[in-house]
Amino acid sequence: MAAAGLLDGRRATLHWHLLEEFGEVFPTVDVISDRHVRDGAIWTCGSAATGLDLILAYVRDRFGPAAAFEADVKLRWRDRWVKILAAAV
């Protein structure tokens, strides 16, 4: 996205290990050290692990906090509850 100029003048993030180098290669991008960043219609995240946080923020932004909570429970906690309930039987 940065190489295509889509991040010029925008805030963006990526994996913490690459932030400094990225900022040097793309000085027109305002590099932010955060889990995910939204700048207008552009959303970026810091790693695969923070991708779920970005998705939940998008759901909350688009459909509200109740939908984000429901998605979080289904995506993040479903397997844990299945194991807990199976162990209780």
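These numbers come from a predicted model, not from an experiment.
Residues satisfying the side-chain contact (heavy atoms from CB on, under 4.5 Å) test with S47, not counting sequence neighbours, are H15, A49, T50. Partners of E70 under the side-chain hydrogen bond (donor to acceptor under 3.5 Å, both in side chains) rule, at least two apart in sequence or in another chain, are K74. Every residue meeting the side-chain contact (heavy atoms from CB on, under 4.5 Å) condition with A68, not counting sequence neighbours, appears here in chain and number order: V59, R60. For D30, the side-chain hydrogen bond (donor to acceptor under 3.5 Å, both in side chains) test picks out no residue, with sequence neighbours left out. Residues that satisfy the side-chain hydrogen bond (donor to acceptor under 3.5 Å, both in side chains) test with D53, not counting sequence neighbours, are R35, R76. Y58 is linked by a side-chain contact (heavy atoms from CB on, under 4.5 Å) to W43, R62, counting only residues two or more places apart in sequence or in another chain.
The shortest distance between side-chain heavy atoms of V31 and T13 does not fall below 4.5 Å. At a threshold of 4.5 Å between non-hydrogen side-chain atoms, the residues I42 and L7 count as touching.
No chain of hydrophobic side-chain contacts below 4.5 Å, direct or via other Ile, Leu, Val, Met, Phe, Trp or Tyr residues, connects L6 to V37. L18 and M1 fall within the same hydrophobic cluster, where Ile, Leu, Val, Met, Phe, Trp and Tyr residues are linked whenever their side-chain heavy atoms come under 4.5 Å apart, directly or through other members.
The distance from atom CG of L56 to atom CG of L75, rounded to the nearest 0.5 Å, is 6.5 Å.
Residues C45 and G51 share a closest heavy-atom pair of SG-CA, 3.9 Å.
Legend: salt bridge (charged side-chain N to carboxylate O under 4.0 Å, His left out) pairs involving residues 3-16, not counting sequence neighbours, sorted by first then second residue: R10-D39.
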- Give the C-alpha distance, both sets of side-chain angles, the deciding distance and a yes or no for side chain to side chain contact (heavy atoms under 4.5 Å, CB included) between T44 and L14. CA-CA 7 Å; T44 57; L14 66 157; over 6 Å; no
